[in-house]
Structures are given as structure tokens and as C-alpha cells.
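Right, one structure below, let's go through it.
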There are 2 protein chains.
Amino acid sequence: MDFQVIFKVNEKIYLRDPESSELGKHIIKSAIDLIYELGFEHFTFKKLALEIKTTEATIYRYFENKHRLLLYILNWYWSYLAYLVMFQLQNVSDTKAKLKTIVHLLTHELPDSGGRLDYNKNYLNKIVIAESSKVYLVKEVREINKNEVFKPYKDLCANIADVITAYNPDYQYPKSLSSTLIETAHHQQFFSNFLPRLTDVGTVENKEFTALFMDDMLFKILDKS
Amino acid sequence: MDFQVIFKVNEKIYLRDPESSELGKHIIKSAIDLIYELGFEHFTFKKLALEIKTTEATIYRYFENKHRLLLYILNWYWSYLAYLVMFQLQNVSDTKAKLKTIVHLLTHELPDSGGRLDYNKNYLNKIVIAESSKVYLVKEVREINKNEVFKPYKDLCANIADVITAYNPDYQYPKSLSSTLIETAHHQQFFSNFLPRLTDVGTVENKEFTALFMDDMLFKILDKS
DNA sequence: TATTTACAATAGTATTACTACTATTAAAAA
DNA sequence: TTTTTAATAGTAGTAATACTATTGTAAATA
């Protein structure tokens with residue numbers, strides 16, 4: 001049986017649904033490539049328009065600005081990750097194994113699982129690591145948050161928190177630990193790659209190192225009390 | 001006895017030492033106010049020039065761009081924090097008490113301690129929380145890092161790692177834990193303020209909550225093995 | 001006194017972010 | 001079938017931002 005998994009991204013994020021046209025899909029796909037290549041600061045709608053042979057104004061009909069476009073990509077990512085967590089934890093009864101699966105998902109590229117996925121997963125992974133915090137570390141965060149555009153992140157965090165609580169019902173800070181795991185997955189990977197003195201990365205590969213560090217941390221915290 | 005503590009910021013960061021003139025000091029002081037007020041994205045040299053009644057070009061003689069100016073502020077902050085850690089741990093023999101002092105320093109505003117400090121510490125604290133990751137989460141991180149401009153951050157991290165190792169010599173990841181503590185202090189404060197569902201903050205105040213969460217986490221990790 | 005030197009201001013340019021308006025096309029209505 | 005309209009993308013701009021080449025001026029030095 002062939003099937004697709006489709007995520008409806010909150011429509012407050014875009015002006016025009018990029019999933020509704022070929023051009024729209026092309027914008028997202030190329031945006032991922034270009035944000036990876038240039039970094040978010042150097043990424044502009046002009047450059048993207050040039051890349052996909054359209055005009056700046058056309059892209060502005062889909063997204064108010066590049067911040068919203070990044071937010072769209074991350075909403076898609078968070079939704080997909082939450083789906084994967086749900087999917088991969090099906091039929092796993094051991095809560096310890098569940099947590100290990102979560103740490104692995106947080107520290108590795110998205111696997112292909114059923115749904116078609118034509119985005120470059122390696123690039124997407126790098127974008128999440130290096131750029132994701134820029135969508136909320138802005139002056140307008142309160143205003144932006146009113147439109148529920150961070151809901152997929154909060155849901156992901158809540159799902160992980162539930163598994164934490166299932167593993168240890170006495171632990172006091174499941175949500176904070178959950179968001180810390182997500183953020184730590186990002187910065188430990190970034191640091192071990194670019195600023196390794198901020199980590200204890202050795203000969204082992206970055207993603208593997210981050211998973212080891214996080215596993216150790218997680219179970220010491222939860223097995224203690 | 002009156003005394004001052006002065007930090008020499010790496011001279012690769014600036015074109016002209018802002019400490020060398022009244023105008024330079026004025027630039028830093030007002031930059032802190034303005035970055036706090038507008039957020040880093042909306043902060044420009046034009047607006048800063050208008051604020052301190054000089055011209056854009058003049059500010060460009062001190063700093064190559066606004067990224068470098070932010071880096072300067074953070075270098076100063078990291079150096080001062082490392083100094084405070086060193087200073088406050090003097091004559092404390094109990095390593096547990098040392099770690100608690102560190103967590104408190106990471107989660108609270110800079111105290112006045114000896115040295116004159118005419119920057120707005122509340123604003124500086126907010127800037128560190130919301131903007132600090134933007135100095136390394138850039139495409140040019142490798143290039144920038146070559147000039148040792150992240151040294152104060154790495155030193156701070158190493159100092160904290162030493163205390164961790166003193167407390168528990170068997171713990172495998174002192175530096176990663178140290179950088180995780182620093183980053184967690186920032187995003188848990190940010191989240192509990194703006195996106196509280198990502199945390200377990202309750203009635204207690206944000207800084208206090210973050211300190212409680214981090215204390216709990218730190219000692220569970222280190223007392224375990 | 002003449003001459004460097006240090007510094008800041010003037011006056012620009014290129015790029016970025018964004019928008020008002022126009023042209024095209026395809027579907028719906030007459 | 002023809003006309004109308006609605007949806008879409010493109011043209012052609014403006015304002016703000018990021019940055020620089022050059023000029024002016026005042027203090028330090030010869």
C-alpha cells in the first residue's frame with residue numbers, strides 16, 4: 001500500500017499556501033537549499049527569485065517576509081518530527097526504549113518513513129540546528145505567538161514530556177527537560193562541529209556524540225529520584 | 001580601597017577600541033540600550049548614530065558591522081562573568097556550594113562587585129538571553145572563530161567544567177554539560193517568559209524557576225555516577 | 001610655523017525589503 | 001460562444017539598510 005503523510009501548516013504563517021501550486025512547492029524546496037547554502041542572514045527573496053527564475057514580488061505573495069518562510073519550514077519539520085515520534089513509539093512498551101528512540105530522532109536526520117519527502121533532509125537538518133532559534137528569538141515573539149505558529153513545537157515538547165512522565169511520574173520538570181533536550185540536540189551538534197572546545201566530542205562522530213551525551217544526561221536525571 | 005576591574009576585549013573584534021574615547025564608550029552604552037529596545041534585527045548603526053547624535057560612518061570606524069558590536073558586548077559580558085565566577089568561588093571549599101553559586105550567576109543579573117559598571121545590567125542580561133546565540137549561529141562561524149573571538153566563552157565554559165570535574169572526577173562530559181548549562185540558562189529564561197508551555201514554570205519567578213530546574217538537573221547528573 | 005596624524009562628517013553607492021500597479025490567463029457567467 | 005471576473009505572476013518602482021570613498025578639521029609633532 002502506498003500512502004502519503006501531509007501536514008497542514010497553520011495558515012496564519014503564509015499569505016498563500018505554497019502547497020497549492022507547483023511554484024509554491026518550488027519556493028519551499030529551493031528556499032531550503034538556499035538557506036542552507038547562504039545562511040539565513042544572507043538569504044534574500046531576490047536571490048531565491050533568481051534561483052527559481054521568478055520575481056521577488058511573486059514570492060512576497062506567498063510569504064510576508066523571509067522570517068515567515070523560515071517559520072513555515074520549521075513548522076513543517078516540527079510536525080513531521082512529532083509524527084515520527086508518534087509513529088516510531090507505536091507498539092513499543094518499554095518506556096526506556098521510547099526515550100532512547102526520541103533521543104535518536106532528535107540527534108539524527110529525518111528518516112524516510114512512508115510519506116514522500118522531496119526536501120533535502122541533510123540540508124533541512126542543518127537548518128534546524130543553525131537557524132531554528134532565530135524564529136523565536138525576536139522582539140515580536142509575543143505578537144507572533146498569538147497566531148499559534150509555535151504550536152507544533154509545543155506539541156512536540158508536550159509529547160516528549162508525556163513519555164518522560166510515563167518513565168518517571170515523580171520527575172518535576174518534564175516540559176523543561178523536553179525543551180532542553182530539543183535545544184541541546186541542536187547546540188551540541190553545532191558546537192561539536194564548529195566550536196568543539198565547548199564540548200567533549202572526541203573521535204566519535206558529532207551526531208553520535210550528541211546522542212551519547214544526551215542519553216547519559218537524560219537517564220541520570222530520570223533514574224535518580 | 002577603591003578599585004576597577006577592566007577587561008581587554010580581543011582587538012580583532014573592533015576597528016578602533018571603543019574604550020579609547022568618550023565617543024566609543026558612548027557607542028557601547030547606547031548600543032546596549034538600543035539593542036535591548038529594538039531587538040538585534042531592528043537595531044541599525046543609523047538609529048544608534050541618531051541616538052547619540054553622531055553619524056553612521058563614525059560608528060563604522062569603531063566596528064565593521066553590527067554583528068561585531070554585539071560580539072564585543074558579549075565578549076565583555078563573558079569576561080566579566082568568568083571574573084565573577086573566579087571571584088565568588090574564592091575561599092569556598094565545598095564544591096557543591098561552588099556549583100550552586102555558578103548556577104545562580106548564570107541565571108541572574110550581574111551583581112555589582114567592585115568594578116564600576118555603567119552598563120544597564122538588566123538590559124545586558126536580556127540581550128545575553130535573547131541575542132547571544134546570534135553571534136555564533138552564522139555561516140561565517142569558522143572564519144570568525146579563527147580570531148579567537150569566542151575565547152572568553154570557551155574560557156568560561158572550561159572554568160565551569162573544572163568545577164564539575166572537581167565535584168565528580170568520573171563524569172565524562174564536563175564541557176558539554178557546562179555549555180549546556182549556559183545555554184539552558186538562556187532559553188529556559190526566555191521560554192518561561194515568552195513561551196511558558198515549553199517549561200514547567202509555575203507561580204515562582206522566571207529566574208528562580210530556571211535556577212531550581214538547573215540545580216535539580218545538575219546534581220542528579222553528577223551525584224548519580 | 002609647517003606638517004603630519006587622528007578623527008569625524010559629508011555624500012555618496014549597492015543591496016535589501018517591500019509595495020502599488022499592470023498584464024496574462026483560465027475559469028465562471030451570460 | 002462571448003464576456004466578465006478572479007486568480008495569478010510580472011513590472012517598476014520606493015524606502016531603508018549596509019557600507020565606503022572622500023573631505024574637512026583640530027590637535028600633536030617636527
Side-chain angles (χ1 to χ4, degrees), chain A residues 11-31 33-73 131 134-135 138-140 143-144, chain B residues 11-31 33-35 37-73 131 134-135 137-140 143-144:
Chain A
E11 53 180 39
K12 293 283 176 71
I13 294 175
Y14 50 73
L15 298 172
R16 201 175 129 61
D17 186 357
E19 278 293 313
S20 72
S21 71
E22 283 310 307
L23 180 62
K25 288 175 199 161
H26 199 181
I27 287 173
I28 303 301
K29 203 163 141 51
S30 294
D33 295 349
L34 214 54
I35 291 172
Y36 165 76
E37 197 183 305
L38 304 173
F40 189 61
E41 283 72 24
H42 296 298
F43 167 80
T44 67
F45 278 4
K46 181 98 194 177
K47 289 171 186 167
L48 178 56
L50 208 75
E51 182 80 15
I52 62 179
K53 293 178 177 57
T54 181
T55 62
E56 239 184 312
T58 298
I59 300 169
Y60 274 104
R61 302 202 148 260
Y62 285 84
F63 293 100
E64 212 179 311
N65 51 49
K66 67 176 184 176
H67 180 270
R68 290 286 164 146
L69 174 47
L70 180 61
L71 192 53
Y72 179 92
I73 292 168
E131 322 289 2
K134 295 171 192 171
V135 303
V138 292
K139 200 68 188 175
E140 308 86 355
E143 198 56 35
I144 296 171
Chain B
E11 52 182 39
K12 293 282 176 70
I13 294 174
Y14 49 74
L15 298 172
R16 200 175 132 60
D17 186 358
E19 279 293 312
S20 72
S21 70
E22 283 309 308
L23 180 61
K25 289 176 200 161
H26 199 180
I27 287 173
I28 303 301
K29 202 161 141 54
S30 293
D33 295 348
L34 215 53
I35 291 172
E37 197 183 306
L38 303 173
F40 189 60
E41 284 72 24
H42 296 297
F43 168 80
T44 69
F45 278 5
K46 182 98 192 178
K47 290 171 186 168
L48 178 57
L50 209 75
E51 182 80 16
I52 63 180
K53 292 179 178 56
T54 181
T55 64
E56 239 184 312
T58 298
I59 300 169
Y60 273 103
R61 304 204 144 260
Y62 285 84
F63 294 99
E64 212 179 310
N65 52 47
K66 68 177 184 175
H67 180 269
R68 291 286 165 146
L69 174 47
L70 180 60
L71 192 54
Y72 179 91
I73 292 169
E131 321 289 2
K134 294 171 191 170
V135 302
L137 291 178
V138 292
K139 200 70 189 174
E140 306 86 354
E143 199 55 36
I144 297 172

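A, B, ... follow the sequence lines: proteins, then strands. Residue 1 opens every chain.
Between G24(B) and Y60(A), the residue anchored nearer the 5' end of DNA chain C, judged by the nucleotide with its closest heavy atom, is G24(B). For the pair K66(B) and R61(B), both in contact range of DNA chain D, the more 5′-proximal nearest nucleotide belongs to K66(B). Toward the 5' end of DNA chain D, the nearer of the two residues Y62(A) and E56(A), judged by each one's closest nucleotide, is Y62(A).
Salt bridge present: K134(A) and E41(A) bring a charged side-chain N and a carboxylate O closer than 4.0 Å.
In this structure, L38(A) places its CG atom 14 Å from C1' of dT16(C), rounding to the nearest Å. Between the CD1 atom of I59(B) and the C1' atom of dT10(C) there is a distance of 15 Å, rounded to whole Å. Atom CG in L48(A) sits about 15 Å away from atom C1' in dC18(C), given to the nearest Å. We find that CG of L50(A) is positioned 15 Å from P of dA17(C), with the value rounded to whole Å. The separation between L15(B) atom CG and dC7(C) atom C1' is 14 Å, rounded to whole Å. Regarding L23(B), its CG atom lies at a distance of 13 Å from the C1' atom of dA6(C), rounded to whole Å. Nucleotide dA16(D) holds its C1' atom 16 Å from the NZ atom of K46(A), rounded to whole Å. For the pair D17(A) CG and dA7(D) C1', the computed distance is 15 Å after rounding to whole Å.
Of all nucleotides listed (dC7(C), dA9(C), dT19(C)), dA9(C) comes nearest to the side chain of A57(B).
Residue-level contact check: S21(B) touches neither bases nor backbone, having no heavy atom under 4.0 Å from any strand. Counting non-hydrogen atoms under 4.0 angstrom, K47(A) reaches the backbone sugars and phosphates but no base.
Side-chain contact between I35(A) and I73(A) is present, with at least one heavy-atom pair separated by less than 4.5 Å.
If you check the side chains of E51(A) and H26(A), you find no donor sitting under 3.5 Å from an acceptor.
Under 4.0 angstrom from either OP1 or OP2 of dA9(C) there lies at least one side-chain N or O belonging to T55(B). At least one side-chain nitrogen or oxygen of T58(A) sits closer than 4.0 Å to the OP1 or OP2 atom of dG10(D).
Aromatic ring pairs are classed by plane angle as parallel below 30°, tilted from 30° to 60° and perpendicular above 60°; the pair F43(A) and F40(A) is parallel.
Residue F63(B) is tested with L15(B), L70(B), L71(B), I28(B) for a side chain to side chain contact (heavy atoms under 4.5 Å, CB included); the sole match is I28(B).
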